[in-house]
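Structure first, then comments.
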Amino acid sequence: MADAFDAIIIGTGQSGPALAARLSAAGRRVAIIERKRFGGTCVNTGCVPTKTLVASAYAAHLARRAADYGVVINGAVGVDMKHVKARKDRVAGRSSAAVEKWMKGLARCTVFEGHARFESPASVTVNGAALSAPNIFINVGGRALVPPIPGLHQVDFLTNSSMMEVDFLPRHLIVVGGSYIGLEFGQMYRRFGAEVTIVEKGPRLIAREDEDVSQGVAEILRSEGVGVETGAECMTVTRRGDNVVVGLDCDGARRSVEGSHVLLAVGRVPNTDDLALDRTGIETDARGYIIVDDQLRTTAAGVWALGDCNGRGAFTHTSYNDYEIVADNLLNGEQRSVAERITAYGLFIDPPLGRAGMTEAEIRKSGRKALVGKRPMTRVGRAVEKGETRGFMKVAVDADSKQILGAAILGVGGDEAIHCILDTMYAKAPYTTLQRSVNIHPTVAELIPTVLGELQPM
Ligand SMILES: Cc1cc2nc3c(=O)[nH]c(=O)nc-3n(C[C@H](O)[C@H](O)[C@H](O)COP(=O)(O)OP(=O)(O)OC[C@H]3O[C@@H](n4cnc5c(N)ncnc54)[C@H](O)[C@@H]3O)c2cc1C
């Protein structure tokens, strides 16, 4: 006989725990299942530990630049990698423990620690126990993609997960993948003191962004001594003594990078291959992402998929928003939809990139009549005062409706200032509202109204 619940949640990522709490508060009997560490990717191997490490790397960077600010440090700046890792472990460990305590203390909620597999659309097994519920929520997240690069398995490559155990300084870290995760690790390890080369298959870094953003990011990294190799169309990996050689050309011989360690950061795959979905009628796409409608319902009645595994977002805030959508629709009778969400994310190199809405390339492709304003950070007072003037801010608006279409702020405070724009977009207010707002001086955000006053046809 299966243990009967009102709801089963698989995974304790960024939507599962909040959903468990909300369902439990509504009087539902909930089972939540976690096979590894509570809190999932963001807490254990993603946002929280990486941003904690970015903070250590920033401290090292600033210490090396101390003289620029008139601060005297007598002696060389050193980085104690064991201490850096211990700090990261403390911060991430506290977050994970908090999620575990929260779930285990929740009324009407039973926590199962083990791997969940479906038996049917309304039942799962975990550790040999059978559980059933009319509603099942999948929040299983994803893991690092390991592409079929010839020779890769002959070396001990690292991923974002195994990087969490690194408590030493690699002599030369080769980062395969010039997108968000790879760039954060690349700059961080350069600042810790390693030689770093980022190897990217495409013609430029973070190819999803506009060219000026890619170029600005590459300049930031290169200015700190990070090697950037783009156009590495067919990579190979070979061992040479204690070293690893990554071949970049199709013949593998002419262009190559030799380093001590390789970090793979070429994308993610959803954890949907070991859920026995074939017993459920839940369909996935060719890459394994669970197909959902705009309310995050799967193709099996009574089963929802939330977070990275549904392919509708790849961020902590999108996973959490998935929870809000599902909970409000289920418990409050609302009709919230994922289609209402505006694309927004950060790239947490230093200075960071804050992004909202469409890129300039997407706007051009849409055929809209648009206006764009751009200002280098050298003309932003706060950036000058802080001694960090790399990057720029750019905002695009619809020439007819006056709605903001998209923005990129690559520069100090860009990850925060972008929210002025994002919130205006959510409010569906015309850009003139933001143009006339009186922002606090001295901030990066205070220049957004100025940029909006200098718009030019795109
Ligand atoms: C290096 C890195 C840095 C990142 N930085 C950021 C950032 O700065 N900002 C941001 O917004 N996002 C960031 N992300 C992305 C972010 O971590 C994820 O989008 C976020 O964690 C949402 O994940 P999720 O809720 O889908 O599930 P996850 O957090 O991946 O959790 C899924 C959970 O399900 C469990 N599970 C899986 N299968 C089973 C099963 N069969 N049975 C039981 N349990 C199972 C897993 O063990 C895991 O704990 C980063 C990701 C990485 C890798």
Side-chain angles (χ1 to χ4, degrees), residues 8-20 31-55 88 92 95-96 99-100 103 111-118 124-127 131 136-145 158-164 175 177 179-186 188 263-277 288-290 292 296 304-324 326 343-349 352-355 415:
I8 296 171
I9 298 169
I10 307 175
T12 63
Q14 289 300 308
S15 24
L19 185 61
I32 187 161
I33 310 167
E34 175 53 58
R35 69 178 177 190
K36 250 189 214 156
R37 274 177 285 181
F38 288 83
T41 308
C42 181
V43 165
N44 297 292
T45 60
C47 345
V48 175
T50 55
K51 270 78 243 182
T52 308
L53 293 168
V54 162
K88 180 270 295 174
S95 292
S96 180
V99 176
E100 180 172 359
M103 289 301 100
V111 175
F112 293 86
E113 292 181 63
H115 181 100
R117 271 189 192 79
F118 278 94
V124 304
T125 53
V126 53
N127 301 335
L131 319 179
I136 299 186
F137 305 91
I138 308 173
N139 178 217
V140 292
R143 59 184 185 274
L145 168 71
L158 294 155
T159 65
N160 70 291
S161 297
S162 47
M163 278 304 276
M164 295 298 117
V175 180
S179 201
Y180 309 87
I181 293 173
L183 301 188
E184 288 177 17
F185 274 115
M188 175 201 301
L263 164 64
L264 271 190
V266 290
R268 311 277 299 163
V269 279
N271 292 324
T272 53
D273 49 339
D274 50 9
L275 278 172
L277 292 181
Y289 288 96
I290 297 173
V292 290
L296 308 173
W304 287 255
L306 302 86
D308 290 10
C309 70
N310 66 23
R312 302 294 292 263
F315 302 102
T316 281
H317 45 279
T318 49
S319 179
Y320 190 79
N321 181 237
D322 284 358
Y323 137 69
E324 295 176 312
V326 169
T343 302
Y345 49 85
L347 163 64
F348 296 94
I349 58 164
L353 169 69
R355 276 272 300 110
D415 50 344

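Note: hydrogens, waters and symmetry copies are ignored here, and every other heavy atom, side chains too, is used. Here the structure is a predicted model, which is why all the values come from computation and not from measurement. Numbering of residues begins at 1 and proceeds along the displayed sequence. Both counts, for ligands and for their atoms, begin at 1 and track the order of listing.
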- atom 51 (C) of ligand 1: nearest protein contact (heavy atom, Å): G46 CA, 4.0 Å
- Query: Does T12 reach the main-chain N or O of G39 with its side chain, forming a donor-acceptor pair under 3.5 Å?
  - Reply: yes
- Give me the one residue out of T272, I9, I290 that meets side chain to side chain contact (heavy atoms under 4.5 Å, CB included) with I138. I290
- Distance from atom 18 (C) of ligand 1 to nearest protein heavy atom, with residue and atom: D308 OD2, 3.3 Å
- Which atoms form the tightest heavy-atom contact between I33 and V124, and what is the distance? CD1-CG2, 3.9 Å
- Message: Testing the 3.5 Å rule here: is there a donor-acceptor pair between the side chains of N160 and R268?
- Response: yes
- Item | Test of proximity, C42 against ligand 1: N or O pairs below 3.5 Å | yes
- Message: Return the closest protein heavy atom for atom 6 (C) of ligand 1 as residue, atom name and distance.
- Response: C47 SG, 3.5 Å
- Could D274 and R35 be called an ion pair, given the rule that one side-chain N must be under 4.0 Å from one carboxylate O? yes
- Item | Part of Y345 within contact of ligand 1 (heavy atoms, under 4.0 Å) | neither
- Message: Does any N or O of ligand 1 fall below 3.5 Å from an N or O anywhere on N139, backbone included?
- Response: yes
- Task: Indicate the atoms forming the closest heavy-atom contact of G186 with V175, along with that distance.
- Result: CA-CG2, 4.1 Å
- Item | Numbered atoms and elements of ligand 1 in range of H317, under 4.0 angstrom, heavy atoms | 11 (O)
- I181 to ligand 1: N or O pair under 3.5 Å? no
- Query: Which atoms of ligand 1 have any heavy atom of T45 under 4.0 Å away?
  - Reply: 1 (C)
- Take every heavy atom of R37, measure it against each atom of ligand 1, and state whether any distance is under 4.0 Å. yes
- F348 heavy atoms within 4.0 Å reach ligand 1 at atoms 8 (O)
- Task: Indicate the atoms forming the closest heavy-atom contact of V126 with A116, along with that distance.
- Result: CB-CA, 4.5 Å
- Query: Of the options T318, N139, V292, which is the one that meets N310 in a side chain to side chain contact (heavy atoms under 4.5 Å, CB included)?
  - Reply: V292
- Message: Q14 versus ligand 1: do any nitrogen or oxygen atoms come within less than 3.5 Å of each other?
- Response: yes
- Item | Interatomic distance, T41 atom OG1 to N271 atom CG [nearest 0.5 angstrom] | 7.0 Å
- Query: Would K51 and E184 pass as an ion pair if we require N to O under 4.0 Å?
  - Reply: yes
- Can you tell me which residue and heavy atom of the protein come closest to atom 36 (N) of ligand 1, and the distance to 0.1 Å? R35 NE, 3.8 Å
- Query: Looking only at heavy atoms, is any part of T316 under 4.0 Å from ligand 1, and if so is it the side chain, the backbone, or both, or is it neither?
  - Reply: both
- Note on the structure: min-distance protein heavy atom vs atom 31 (O) of ligand 1 -> G13 CA, 3.3 Å
- Query: Which heavy atom of M103 sits nearest a heavy atom of A20, and at what distance?
  - Reply: SD-CB, 3.9 Å
- Task: Might you point out which heavy atoms bring P17 and G13 nearest each other, and give the distance in Å?
- Result: CD-O, 3.0 Å
- Spell out, as yes or no, whether a donor-acceptor pair under 3.5 Å connects the side chain of S95 to the backbone of V43. no
- Query: Ignoring hydrogens and geometry, is there a side-chain-to-backbone donor-acceptor pair from N127 to E113 under 3.5 Å?
  - Reply: yes
- Region of I10 that comes within reach of ligand 1 [heavy atoms, distance under 4.0 Å]: side chain
- Message: Between ligand 1 and E184, can you find any atom pair, the residue atom being a heavy atom, that is separated by under 4.0 Å?
- Response: no
- Message: Among all the protein's non-hydrogen atoms, which is closest to atom 27 (O) of ligand 1, and how far away is it?
- Response: G141 CA, 3.4 Å
- Heavy-atom nearest neighbour in the protein, as seen from atom 46 (C) of ligand 1, with distance rounded to 0.1 Å: E34 OE2, 3.4 Å
- Message: Applying a heavy-atom cut-off of 4.0 Å, say which part of A314 lies close to ligand 1: side chain, backbone, both or neither.
- Response: backbone
- Atoms in ligand 1 flagged as close to L275, the criterion being non-hydrogen separation under 4.0 Å: 41 (N)
- Message: So for ligand 1, is T41 a polar contact partner (N or O within less than 3.5 Å, distance only)?
- Response: yes
- Query: Quick check: does any side chain N or O of N44 sit under 3.5 Å from a backbone N or O of F38, one acting as donor and the other as acceptor?
  - Reply: yes
- Message: Distance under 4.0 Å to a non-hydrogen atom of G40: what atoms of ligand 1 satisfy this?
- Response: 29 (O), 31 (O), 48 (C), 49 (O)
- Query: Which atoms of ligand 1 are found less than 4.0 Å from any heavy atom of T50?
  - Reply: 1 (C), 3 (C)
- Could you tell me whether some N/O pair between K51 and ligand 1 is separated by less than 3.5 angstrom? yes
- So Y345 and Y180, would you call those rings parallel, tilted or perpendicular, with 30° and 60° as cut-offs? perpendicular
- Item | Protein heavy atom at shortest distance from atom 37 (C) of ligand 1 | V140 O, 3.3 Å
- Item | For G142, atoms of ligand 1 separated by under 4.0 Å from a heavy atom | 30 (O)
- Query: For ligand 1, which atoms, with element, lie under 4.0 Å from some heavy atom of G114?
  - Reply: 42 (N), 43 (C)
- Item | Side-chain (Q14) to main-chain (T316) donor-acceptor, under 3.5 angstrom | no
- Any idea which part of N160 is under 4.0 Å from ligand 1, heavy-atom wise: side chain, backbone, both or neither? side chain
- Message: Please give me the minimum heavy-atom distance between K88 and T52, naming the atom from each residue.
- Response: CA-CG2, 3.8 Å
- Closest to atom 25 (O) of ligand 1 (heavy atoms only, candidates G307, S319, G11) is S319
- Among the heavy atoms of P49, does any lie under 4.0 Å from an atom of ligand 1? no
- Message: Is there a polar contact between ligand 1 and A116, counting only N or O atoms under 3.5 Å apart?
- Response: yes
